[in-house]
Amino acid sequence: MKKPKILLIYTGGTIGMIKDADTGALRAFDFNNILTRIPELRLLDCEIETTSFREPIDSSNMNPKYWADIAQIIESNYHDFDGFVVLHGSDTMSYSASALSFMLENLSKPVIFTGSQLPIGDLRTDAKENLITSIQIASLQIKGLPAIREVGLYFEYKLYRGNRTTKINAEHFEAFESLNYPHLAESGVHLNINEEFLWRSQSNEDLVVRTKMNTNVAILKLFPGISRPILEAVLTSNLIEGLVLETYGSGNATTEPWFIDLLKKAISKGLHIINVTQCAGGSVTMGQYETSSQLKSIGVISGKDITTEAAITKLMYLLGENIGQSEFQKTFETPLRGEMT
Ligand code: ASP
């Protein structure tokens, strides 16, 4: 049987860094040498090729242009490879995994994001396990078809649906969580795939890559004491077309008339406002409390149990696709890639 072919795409981040022997500072190493650095990769039952951003980045510099670059690398290699592993800094990995899930329509091959908290050259590194298991997951086949057919994120023994994740810890090896969706796989003595939770696209259409992201968007987190002039400044900006509003609990906000009036006015002028909870887990249910009933009646869109990372990237994506005003709410409230329940 033919060995699966996996393309490793190195974008940057700690995983690909080594300590400079003279200065001790971390710097990106030439990823084309990965097989010499990690000889264990040769033991894997797959063929591995690598490609790298010309100038690898710290993921704090990630932006929609780089997302489009990753999507285009996948598109142009789609037919020659069975799976893709994207090496990425952990800081914004959840945003990128979410963005790519929307950009890659009808994806039927694995795209696994991974990275590490310690560089690959460090004695105690978590990079090797993350990388090796990600490649194994991307190579998995069931009856000749890829087992994973979505954008996943693998970190510290768990595979998550990428657009369900959030980075929850800046130091622990267990840096990610997916509080509103079960793990897709767990790696222990055995690699356990939770097949019932895997994404299966309803269509058999070819991959379509959509890279037009509209960045006239913002995220606003509510807090007790948020003031009228500040909210006004955000909502009356000439540029803003979409806003992710991080509300309390199950989607609640102050009922003060000035607050509701400002939102109402902005919505009537065409601004799309998405209600996402600032809690780490759980769902927005507008109408459950009096403090969310008005939001529902003025046309705020429910983000349900979506993460902020998936909400902002879905907003950029749908605005980029020019979804009409009347369908926008319905389209946003529909799960497109398993990002909401
Ligand atoms: N600052 C780094 C980055 O996100 C951290 C990491 O690689 O995990 O690129």
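Remember, it's 1-based here, ligands and their atoms both numbered in the order they're listed.
A 4.5 Å side-chain heavy-atom check between L191 and L140 finds at least one atom pair inside the cut-off.
Each of G13, T14, D58, S59, G89, S90, D91, S116 has a non-hydrogen atom positioned under 4.0 Å from some atom of ligand 1.
Grouping Ile, Leu, Val, Met, Phe, Trp and Tyr residues whose side-chain heavy atoms lie under 4.5 Å apart, directly or via other members, leaves L239 alone, with no other cluster members.
A salt bridge (charged side-chain N to carboxylate O under 4.0 Å, His left out) check over residues 294-310, counting only residues at least two apart or in different chains, returns the pairs R164-D305. Each salt bridge (charged side-chain N to carboxylate O under 4.0 Å, His left out) pair with one or both residues in residues 126-144, not counting sequence neighbours, appears once here: E40-K128.
Salt bridge status for E150 with R337: absent, with no side-chain N to carboxylate O gap under 4.0 Å.
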Worked verdict on E339 versus S101 for side chain to side chain donor-acceptor pair (under 3.5 Å): CA-CA 9 Å; E339 74 283 5; S101 78; over 6 Å; no
